[in-house]
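Side chains included, hydrogens not; waters and symmetry mates left out as well; all remaining heavy atoms used.
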Amino acid sequence: MQNIKLAIQYDGTRYLGWQRPENDGYRRTVSYKIKEVLNRMTEENIVLHAGSRPGPGVHALAQTVSFQTEAPLEPADFLRDLNQYLPQDIAVLSAENVPERFRADLNAISRTYEYRICTEEIYNVFRMKYEAHCFPAPDISLMEEAAGFLKGRHDFRCFSSGRKKKGTEKEILDIRFVRDCGRLTIRITANDFLQRMPELLFGVLLETGKRLRTPGSILDLLDGNGTVKAPPAEAKGILLKDIQY
(Lines give C-alpha, C1' and ligand atoms only; values in the text may rest on other atoms or scores of the structure.)
Protein backbone atom coordinates (compact mmCIF):
# COMPACT_ATOMS: atom_id res chain seq x y z
CA MET A 1 0.00 0.00 0.00
CA GLN A 2 1.36 3.40 -0.93
CA ASN A 3 0.12 6.84 0.03
CA ILE A 4 0.25 9.41 -2.77
CA LYS A 5 0.15 13.18 -2.33
CA LEU A 6 -0.88 15.40 -5.24
CA ALA A 7 -0.53 19.17 -5.69
CA ILE A 8 -3.33 20.40 -7.95
CA GLN A 9 -4.57 23.65 -9.44
CA TYR A 10 -7.79 24.16 -11.34
CA ASP A 11 -10.16 26.67 -12.87
CA GLY A 12 -13.43 26.18 -10.99
CA THR A 13 -15.63 28.06 -13.47
CA ARG A 14 -17.57 25.09 -14.81
CA TYR A 15 -17.58 22.95 -11.67
CA LEU A 16 -19.95 22.72 -8.71
CA GLY A 17 -17.03 22.87 -6.31
CA TRP A 18 -14.56 20.29 -5.08
CA GLN A 19 -17.13 17.78 -3.85
CA ARG A 20 -20.91 17.28 -3.69
CA PRO A 21 -23.27 14.43 -2.73
CA GLU A 22 -23.91 11.79 -5.40
CA ASN A 23 -27.54 12.92 -5.83
CA ASP A 24 -26.64 16.60 -6.15
CA GLY A 25 -24.29 17.28 -9.04
CA TYR A 26 -21.57 14.83 -7.99
CA ARG A 27 -20.38 14.31 -11.58
CA ARG A 28 -19.86 18.05 -12.05
CA THR A 29 -17.20 18.33 -9.35
CA VAL A 30 -13.42 18.49 -9.55
CA SER A 31 -12.97 15.51 -7.22
CA TYR A 32 -15.16 13.35 -9.47
CA LYS A 33 -13.02 14.11 -12.53
CA ILE A 34 -9.81 13.18 -10.68
CA LYS A 35 -11.30 10.10 -9.04
CA GLU A 36 -12.63 8.89 -12.39
CA VAL A 37 -9.12 8.88 -13.91
CA LEU A 38 -7.51 7.33 -10.82
CA ASN A 39 -10.07 4.52 -10.70
CA ARG A 40 -9.28 3.61 -14.30
CA MET A 41 -5.53 3.73 -13.66
CA THR A 42 -5.58 1.62 -10.49
CA GLU A 43 -8.71 -0.53 -11.08
CA GLU A 44 -9.65 0.43 -7.50
CA ASN A 45 -12.27 2.64 -5.89
CA ILE A 46 -9.98 5.48 -4.80
CA VAL A 47 -10.89 7.62 -1.78
CA LEU A 48 -9.60 11.18 -2.06
CA HIS A 49 -8.72 13.36 0.94
CA ALA A 50 -8.47 17.09 0.18
CA GLY A 51 -6.82 19.84 2.18
CA SER A 52 -9.81 22.11 1.57
CA ARG A 53 -13.14 21.95 -0.26
CA PRO A 54 -13.68 25.08 -2.36
CA GLY A 55 -17.29 25.83 -3.28
CA PRO A 56 -18.96 26.13 -6.70
CA GLY A 57 -17.06 28.31 -9.15
CA VAL A 58 -14.13 28.87 -6.75
CA HIS A 59 -10.66 28.26 -8.19
CA ALA A 60 -7.66 26.53 -6.63
CA LEU A 61 -4.12 27.75 -7.07
CA ALA A 62 -2.76 25.10 -4.69
CA GLN A 63 -5.05 22.25 -3.68
CA THR A 64 -3.49 19.28 -1.86
CA VAL A 65 -4.92 15.77 -2.22
CA SER A 66 -3.88 12.40 -0.84
CA PHE A 67 -5.03 8.84 -1.51
CA GLN A 68 -3.92 5.28 -0.84
CA THR A 69 -3.52 2.63 -3.49
CA GLU A 70 -2.12 -0.87 -3.95
CA ALA A 71 -1.49 -0.29 -7.66
CA PRO A 72 2.14 -0.91 -8.73
CA LEU A 73 2.49 2.59 -10.18
CA GLU A 74 5.11 5.24 -9.52
CA PRO A 75 4.28 8.85 -8.61
CA ALA A 76 5.59 9.83 -12.04
CA ASP A 77 2.98 7.54 -13.62
CA PHE A 78 0.18 9.31 -11.75
CA LEU A 79 1.57 12.72 -12.71
CA ARG A 80 1.82 11.81 -16.40
CA ASP A 81 -1.50 10.03 -16.83
CA LEU A 82 -3.58 12.43 -14.77
CA ASN A 83 -2.38 15.37 -16.82
CA GLN A 84 -2.98 13.41 -20.01
CA TYR A 85 -6.57 12.40 -19.26
CA LEU A 86 -7.94 15.16 -17.02
CA PRO A 87 -9.76 18.15 -18.58
CA GLN A 88 -7.46 21.03 -19.46
CA ASP A 89 -8.84 23.19 -16.63
CA ILE A 90 -7.38 20.78 -14.04
CA ALA A 91 -3.60 20.38 -13.69
CA VAL A 92 -1.57 18.13 -11.40
CA LEU A 93 1.63 19.95 -10.51
CA SER A 94 3.36 17.18 -8.57
CA ALA A 95 2.91 13.65 -7.23
CA GLU A 96 4.94 12.04 -4.48
CA ASN A 97 4.96 9.20 -1.97
CA VAL A 98 4.29 10.30 1.61
CA PRO A 99 4.18 8.44 4.95
CA GLU A 100 1.17 6.17 5.46
CA ARG A 101 -0.27 8.33 8.26
CA PHE A 102 -0.38 11.51 6.15
CA ARG A 103 -3.85 12.78 5.16
CA ALA A 104 -4.27 16.00 3.24
CA ASP A 105 -7.38 16.96 5.21
CA LEU A 106 -6.34 16.01 8.74
CA ASN A 107 -2.71 17.19 8.69
CA ALA A 108 -3.29 20.70 7.32
CA ILE A 109 -2.38 23.45 9.80
CA SER A 110 -4.06 26.31 7.95
CA ARG A 111 -5.65 27.31 4.66
CA THR A 112 -5.49 30.63 2.80
CA TYR A 113 -8.16 31.94 0.43
CA GLU A 114 -7.90 35.19 -1.48
CA TYR A 115 -10.47 37.42 -3.19
CA ARG A 116 -9.36 39.43 -6.20
CA ILE A 117 -11.31 42.59 -7.02
CA CYS A 118 -10.93 45.04 -9.90
CA THR A 119 -11.51 48.56 -8.52
CA GLU A 120 -11.09 50.46 -11.80
CA GLU A 121 -14.10 52.14 -13.36
CA ILE A 122 -13.75 50.06 -16.53
CA TYR A 123 -13.61 46.30 -16.02
CA ASN A 124 -10.38 44.81 -17.39
CA VAL A 125 -11.68 42.30 -19.95
CA PHE A 126 -8.49 40.23 -19.78
CA ARG A 127 -8.85 39.66 -16.03
CA MET A 128 -12.63 39.64 -15.59
CA LYS A 129 -12.86 35.84 -15.59
CA TYR A 130 -10.88 35.71 -12.35
CA GLU A 131 -11.77 38.99 -10.64
CA ALA A 132 -14.85 40.58 -9.15
CA HIS A 133 -15.59 44.24 -9.90
CA CYS A 134 -16.21 47.03 -7.38
CA PHE A 135 -16.10 50.70 -8.32
CA PRO A 136 -15.63 53.00 -6.55
CA ALA A 137 -13.11 51.11 -4.47
CA PRO A 138 -14.33 50.01 -1.02
CA ASP A 139 -13.03 51.68 2.12
CA ILE A 140 -10.11 49.55 3.31
CA SER A 141 -9.99 51.19 6.75
CA LEU A 142 -13.57 50.06 7.45
CA MET A 143 -12.77 46.53 6.25
CA GLU A 144 -9.68 46.41 8.44
CA GLU A 145 -11.79 47.40 11.44
CA ALA A 146 -14.28 44.64 10.65
CA ALA A 147 -11.41 42.18 10.14
CA GLY A 148 -10.22 42.91 13.65
CA PHE A 149 -13.49 41.51 15.02
CA LEU A 150 -13.25 38.41 12.81
CA LYS A 151 -9.72 37.43 13.79
CA GLY A 152 -9.32 34.83 16.50
CA ARG A 153 -11.38 31.82 17.49
CA HIS A 154 -15.16 32.16 17.11
CA ASP A 155 -18.25 30.17 16.27
CA PHE A 156 -18.62 30.88 12.54
CA ARG A 157 -21.89 28.98 12.11
CA CYS A 158 -23.60 32.04 10.63
CA PHE A 159 -20.84 32.24 8.01
CA SER A 160 -21.70 28.83 6.57
CA SER A 161 -24.36 27.44 4.26
CA GLY A 162 -24.08 24.03 5.93
CA ARG A 163 -26.25 22.65 8.72
CA LYS A 164 -23.52 21.57 11.10
CA LYS A 165 -24.38 22.10 14.78
CA LYS A 166 -20.98 21.00 16.07
CA GLY A 167 -17.45 21.74 14.97
CA THR A 168 -18.35 25.26 13.81
CA GLU A 169 -15.65 26.94 15.89
CA LYS A 170 -12.74 27.99 13.68
CA GLU A 171 -9.79 30.32 14.14
CA ILE A 172 -8.98 33.09 11.70
CA LEU A 173 -5.25 33.62 11.93
CA ASP A 174 -4.78 36.56 9.56
CA ILE A 175 -6.69 38.89 7.21
CA ARG A 176 -4.74 41.11 4.84
CA PHE A 177 -5.71 43.76 2.28
CA VAL A 178 -3.39 44.54 -0.65
CA ARG A 179 -4.16 47.37 -3.07
CA ASP A 180 -2.12 47.63 -6.25
CA CYS A 181 -2.80 49.39 -9.56
CA GLY A 182 -6.58 49.29 -9.61
CA ARG A 183 -6.80 45.93 -7.88
CA LEU A 184 -7.68 44.93 -4.34
CA THR A 185 -6.78 41.52 -2.94
CA ILE A 186 -8.19 40.25 0.36
CA ARG A 187 -6.43 37.24 1.91
CA ILE A 188 -7.87 35.23 4.80
CA THR A 189 -5.91 32.52 6.58
CA ALA A 190 -7.70 30.21 9.03
CA ASN A 191 -7.06 26.86 10.63
CA ASP A 192 -10.06 25.62 8.63
CA PHE A 193 -13.16 26.86 6.81
CA LEU A 194 -16.79 25.79 6.97
CA GLN A 195 -18.89 25.20 3.85
CA ARG A 196 -19.10 28.48 1.83
CA MET A 197 -17.35 30.31 4.68
CA PRO A 198 -14.80 32.08 2.43
CA GLU A 199 -17.54 33.43 0.13
CA LEU A 200 -19.58 34.77 3.07
CA LEU A 201 -16.59 36.28 4.88
CA PHE A 202 -15.44 38.12 1.75
CA GLY A 203 -19.02 39.21 1.08
CA VAL A 204 -19.44 40.74 4.54
CA LEU A 205 -16.06 42.48 4.39
CA LEU A 206 -16.87 43.97 0.99
CA GLU A 207 -20.29 45.09 2.18
CA THR A 208 -18.56 46.82 5.11
CA GLY A 209 -16.16 48.54 2.71
CA LYS A 210 -19.15 49.80 0.72
CA ARG A 211 -20.62 51.30 3.95
CA LEU A 212 -23.66 49.01 3.73
CA ARG A 213 -22.98 47.70 7.24
CA THR A 214 -20.89 48.87 10.18
CA PRO A 215 -17.74 47.06 11.29
CA GLY A 216 -19.33 46.54 14.71
CA SER A 217 -22.18 44.53 13.19
CA ILE A 218 -19.70 41.66 12.93
CA LEU A 219 -20.00 41.20 16.69
CA ASP A 220 -23.76 40.60 16.41
CA LEU A 221 -23.15 37.94 13.76
CA LEU A 222 -20.55 36.14 15.86
CA ASP A 223 -22.77 36.33 18.95
CA GLY A 224 -25.59 34.64 17.04
CA ASN A 225 -27.78 37.76 17.14
CA GLY A 226 -27.86 38.26 13.40
CA THR A 227 -27.73 36.51 10.06
CA VAL A 228 -25.40 37.12 7.15
CA LYS A 229 -27.67 38.89 4.69
CA ALA A 230 -24.83 40.13 2.55
CA PRO A 231 -24.55 38.36 -0.80
CA PRO A 232 -21.65 35.90 -0.96
CA ALA A 233 -18.60 37.18 -2.78
CA GLU A 234 -18.44 36.32 -6.47
CA ALA A 235 -16.90 32.86 -6.73
CA LYS A 236 -14.96 33.73 -9.89
CA GLY A 237 -12.74 36.10 -7.88
CA ILE A 238 -11.96 33.58 -5.11
CA LEU A 239 -8.96 31.25 -5.10
CA LEU A 240 -7.70 28.66 -2.67
CA LYS A 241 -4.20 30.12 -2.54
CA ASP A 242 -2.29 27.89 -0.16
CA ILE A 243 -2.54 25.04 2.36
CA GLN A 244 0.07 24.90 5.09
CA TYR A 245 1.32 21.62 6.62
Starting at CG of L106, measure out to CZ of R101 and round the result to the nearest 0.5 Å. 10.5 Å
Apply the test side chain to side chain contact (heavy atoms under 4.5 Å, CB included) to residues I117 and T185: give CA-CA distance (whole Å), side-chain angles for both, the deciding distance (0.1 Å), then the verdict. CA-CA 6 Å; I117 306 167; T185 301; over 6 Å; no
Would you indicate whether the side-chain heavy atoms of V30 and I90 approach each other to under 4.5 Å? yes
Same cluster or not: are I34 and L240 linked, directly or through other Ile, Leu, Val, Met, Phe, Trp or Tyr residues, by side-chain heavy atoms under 4.5 angstrom apart? no
Could you check E44 against T69 for side-chain hydrogen bond (donor to acceptor under 3.5 Å, both in side chains), going step by step and ending with a plain yes or no? CA-CA 8 Å; E44 300 169 350; T69 177; 2.8 Å; yes
For the backbone of L79 and the side chain of N83, can you confirm whether one donor and one acceptor N or O come within less than 3.5 Å of each other? yes
Contact check, side chains of L184 and I140, non-hydrogen atoms, under 4.5 Å: yes
Q84 CD: over 12 foreign heavy atoms closer than 6.0 Å: yes
Y245 and F102 aromatic ring geometry - parallel, tilted or perpendicular at 30°/60° bounds: tilted
Quick check against the 3.5 Å criterion: does Y123 have a side-chain atom that pairs as donor or acceptor with the backbone of E131? yes
Provide the closest heavy-atom pair for H133 versus I122 in the form atom of the first, atom of the second, distance. NE2-C, 4.4 Å
Student check: side-chain heavy atoms of L201 and L150 closer than 4.5 Å: yes
Within the structure provided, determine whether V65 and Q63 are in side-chain contact (heavy-atom separation under 4.5 Å). yes
Run K210 and C134 through side chain to side chain contact (heavy atoms under 4.5 Å, CB included) and show every step you take. CA-CA 9 Å; K210 292 179 177 179; C134 181; 3.5 Å; yes
Is there a path of hydrophobic side-chain contacts, each under 4.5 Å between heavy atoms of I/L/V/M/F/W/Y residues, joining L142 to F177? no
Test salt bridge (Lys or Arg N to Asp or Glu O under 4.0 Å) on D242 and R111 and set out the steps. CA-CA 6 Å; D242 191 24; R111 291 91 168 157; over 6 Å; no
Side chain to side chain contact (heavy atoms under 4.5 Å, CB included) against R14, all qualifying residues, sequence neighbours excluded: P87, D89
Do S31 side-chain atoms and W18 backbone N/O form a donor-acceptor pair below 3.5 Å? yes
Less than 4.5 Å apart, side chain to side chain, heavy atoms only: is that true for H59 and I238? no
More than 12 heavy atoms of other residues, nucleotides or ligands under 6.0 Å from CZ of R53: is that the case? no
Crowded around F135 CZ? As in, over 12 foreign heavy atoms under 6.0 Å? yes
Atom CD of Q244: over 12 foreign heavy atoms under 6.0 Å: yes
I'd like to know if the side chain of T29 and the backbone of Y26 have a donor-acceptor N/O pair within less than 3.5 Å. yes
Verify the cluster assignment for Y115 and L61: are they in a single hydrophobic cluster under the rule of side-chain heavy atoms below 4.5 Å apart? no
Main chain of I46, side chain of K35: is a donor-acceptor contact present, judged purely on distance under 3.5 Å? yes
Is a side-chain donor or acceptor of S66 paired with a backbone partner of A104 at a separation under 3.5 angstrom? yes
Honestly curious: do F149 and M197 fall in one hydrophobic cluster under the side-chain, below-4.5 Å linking rule? yes
May I ask you to check whether F67 and H49 place their ring centers less than 6.0 Å from one another? no
Partner set under ring-ring contact (aromatic ring centres under 6.0 Å, His included) for H154, not counting sequence neighbours: F156
What I'd like to find out is whether the side chain of I188 reaches to under 4.5 Å of the side chain of F193, using heavy atoms alone. yes
Closest approach of Y32 to R27 (non-hydrogen atoms, all atoms of both residues): OH-NH1, 2.5 Å
For A146 against P215, the heavy-atom pair lying closest together: N-CB, 3.8 Å
Quick check on the hydrophobic clustering: are I172 and I243 connected, directly or via other members, by side-chain heavy-atom contacts under 4.5 Å? yes
If you count heavy atoms of other groups shown closer than 6.0 angstrom to CZ of R40, is the number above 12? yes
In this structure, CD of Q2 is separated from CG of N97 (nearest 0.5 Å) by 5.0 Å
Between N3 and P99 (side chain of the first, backbone of the second, donor and acceptor by atom type, cut-off under 3.5 Å), is there such a pair? yes
Closest non-hydrogen contact found for E120 with C181 is OE2-O, 3.9 Å
Mark yes or no for whether N107, through its side chain, and R103, through its backbone, hold a donor-acceptor pair below 3.5 Å. yes
Donor-acceptor under 3.5 Å (K170 side chain, L194 main chain): no
Working note: D11 + K129, criterion salt bridge (Lys or Arg N to Asp or Glu O under 4.0 Å); need CA distance, chi angles, decisive distance, verdict. CA-CA 10 Å; D11 179 335; K129 187 178 178 182; 3.3 Å; yes
Using a 3.5 Å distance criterion without hydrogens, assess whether the side chain of N191 forms a donor-acceptor pair with backbone atoms of E171. yes
Rounded to the nearest 0.5 angstrom, the CG-CG distance for L205 and L200 is 11.0 Å
What's the separation between atom CG in L221 and atom CZ in R157, rounded to the nearest 0.5 Å? 14.0 Å
If I take atom CG from residue L93 and atom CG from residue L82, how far apart are they, to the nearest 0.5 angstrom? 11.5 Å
Go through the steps for F202 and I186 under the test side chain to side chain contact (heavy atoms under 4.5 Å, CB included), then give the verdict. CA-CA 8 Å; F202 289 130; I186 308 173; 3.7 Å; yes
Between D155 and T168, is there a side-chain donor-acceptor contact under 3.5 Å, judged purely by atom types and distance? yes
Check the surroundings of atom CZ in R80: do more than 12 heavy atoms from other residues, nucleotides or ligands lie under 6.0 Å from it? yes
Residue pair V58 / E199, side-chain heavy-atom distance below 4.5 Å: yes
Assess the residue pair L6 and T64 against the criterion (side chain to side chain contact (heavy atoms under 4.5 Å, CB included)); give the C-alpha distance rounded to whole Å, side-chain angles, the decisive distance to 0.1 Å, and a yes or no. CA-CA 6 Å; L6 304 176; T64 303; over 6 Å; no
Is any side-chain heavy atom of I4 closer than 4.5 Å to one of F78? yes
Show the nearest heavy-atom pair for residues K236 and A132, with the distance to one decimal. CE-CA, 4.4 Å
CG of L38 to NZ of K33, rounded to nearest 0.5 Å, is 14.0 Å
Give the intermediate values and the outcome of salt bridge (Lys or Arg N to Asp or Glu O under 4.0 Å) for residues D180 and R183. CA-CA 5 Å; D180 180 40; R183 302 176 75 190; over 6 Å; no
